[in-house]
Novice: 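Here it is, the structure in full.
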Amino acid sequence: MTKPMTIPEIIQTKGKRKLSMLTAYDYPTALLLDKCQIDMILVGDSLAMVVLGHKDTLAVTMEEMLHHTKAVSRAVTYSVVIGDMPFMSYQISPEQAVENAGRFLKEGGAQAVKLEGGATVIPQIKAIINAGIPVQGHLGLTPQSIAQLGGFKVQGKTAKAAKKLMEDAKALEKAGCFSIVLEAIPGPIAKLITENISIPTIGIGAGKDCDGQVLVFHDLVGMFDRFVPKFVKQYLNLNQEIENAVKQFKKEVEEEKFPQHEHCFSINEKELKELKES
Ligand code: KIV
């Protein structure tokens, strides 16, 4: 069996090879990603939109996140599992943050947590790390602040905004984060940040120069088309494939072509005869 990926290894990988991260919210998907040796599996709060049908990520609860993190952890033997701290599970106080981060490891079986924000959440990040829990930061387009940002918009497009991103990245590095997700920021800004911090940057819509890349699994396989951002590459059109299969099933049921002999169980003729006679 291959040695499992670890947090120290993720940090040491910077500059040597690119890191891969994908979301998973259930056991079968996590089994597949783990088999492909994806470095990090994120149980993202994108669960709210992609699987639970909410319009944004704000509604998902700790209990829902834990439910899905447990399913993912049951499948994983190689990848580092990261639990995404949902909206209002860490913003209130460092104590609240530690308690909820701890639940991701203790109950969910994750190895680390991710949370959104820069300088304002440093006390929370420090407290979680002091409790022995690895933290991944998340800067740029932070969907939990959608109301403040005024929508799903590219961030860091002015010199002032980019400088703030750089300062936040440095603050997260200093606080002890093991990596930082950079979401929807110009490639040159992500490159500058990547070159100026010692921990890996994981980009999503942040260009090719980050230390790794992350995508939402349902985007990658073409299973979520309610909203497809420019940075998404759909490697498959699974929605179409599933639609074709479901329509075919319905047609074959109606035309009595399914099930066939090989899908059915038989019974000894003698037993059947006895049953009919009785
Ligand atoms: O929730 C999520 O899926 C994320 C990724 C987009 C990084 O935060």
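Each ligand, and each atom within it, is numbered from 1 in the order the structure gives.
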Novice: Could you pull out the closest heavy-atom pair between I41 and A24, with the gap in Å?
Specialist: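 The answer is CG2-CB, 3.6 Å.
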Novice: With heavy-atom distances below 4.5 Å as the criterion, would you say the side chains of P143 and F87 are in contact?
Specialist: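 With C-beta onward as the side chain, the pair stays apart.
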Novice: Does some non-hydrogen atom of E116 fall short of 4.0 Å from ligand 1?
Specialist: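 E116 does not count as a contact of ligand 1 under the 4.0 Å cut-off.
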Novice: Just jot down the ligand 1 atoms closer than 4.0 angstrom to any heavy atom of V216, in number order.
Specialist: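 In order of number, 3 (O).
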Novice: What's the shortest heavy-atom distance between A48 and V60, and which atoms?
Specialist: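 Minimum heavy-atom separation between A48 and V60: CB-CB, 3.7 Å.
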Novice: Looking at ligand 1, does any of its N/O atoms fall within less than 3.5 Å of an N/O of Y25?
Specialist: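 Min N/O separation from ligand 1 is not below 3.5 Å for Y25.
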Novice: Hey, which atoms in ligand 1 end up nearer than 4.0 Å to a heavy atom of T23?
Specialist: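 Checking each atom against T23, I get 3 (O).
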Novice: Closest approach of I10 and P200, non-hydrogen atoms and distance?
Specialist: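 So the two residues come closest at O-CG, 3.3 Å.
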Novice: Under 4.0 Å from a heavy atom of G44: give me the atoms of ligand 1 that qualify, with their elements.
Specialist: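 Near G44, meaning under 4.0 Å from one of its heavy atoms, ligand 1 has 1 (O), 2 (C), 3 (O).
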Novice: Regarding T194 and D211, is there a side-chain donor-to-acceptor distance under 3.5 Å anywhere?
Specialist: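 No, because no side-chain N or O of T194 sits under 3.5 Å from a partner of the opposite role on D211.
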Novice: Which atoms of ligand 1 are found less than 4.0 Å from any heavy atom of H138?
Specialist: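 Answer, ordered by atom number: 8 (O).
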Novice: What residue and heavy atom of the protein are closest to atom 3 (O) of ligand 1, and at what distance?
Specialist: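 Result: S46 OG, 2.5 Å.
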Novice: Please determine whether residues V154 and L192 belong to a single hydrophobic cluster, defined as Ile, Leu, Val, Met, Phe, Trp and Tyr linked transitively by side-chain heavy-atom distances below 4.5 Å.
Specialist: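 No, separate clusters.
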Novice: Which part of I202 is near ligand 1, with near meaning a heavy atom under 4.0 Å away: side chain, backbone, both or neither?
Specialist: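 Neither part.
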Novice: Which residue owns the protein heavy atom closest to atom 5 (C) of ligand 1, what's the atom, and how far is it?
Specialist: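 Among all protein heavy atoms, the one nearest atom 5 (C) of ligand 1 is L42 CD2, 3.7 Å.
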Novice: Could you list the atoms of ligand 1 found under 4.0 angstrom from a heavy atom of K114?
Specialist: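 Answer for ligand 1: 8 (O).
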Novice: Less than 4.0 angstrom from a charged side-chain N to a carboxylate O is my criterion; do K250 and E254 meet it?
Specialist: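 Yes, K250 and E254 are salt-bridged.
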Novice: Does E183 reach ligand 1 with a nitrogen or oxygen that is under 3.5 Å from one of the ligand's nitrogen or oxygen atoms?
Specialist: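 Not met; the criterion fails.
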Novice: Please could you name the atoms of ligand 1 that I204 approaches to less than 4.0 Å, counting only its heavy atoms?
Specialist: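 So the atoms of ligand 1 that pass are 6 (C).
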Novice: Answer yes or no: is there an ion pair linking K273 with E269, defined by an N-O contact shorter than 4.0 Å?
Specialist: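 Between E269 and K273 there is no salt bridge, as every charged N stays at least 4.0 Å from the carboxylate O atoms.
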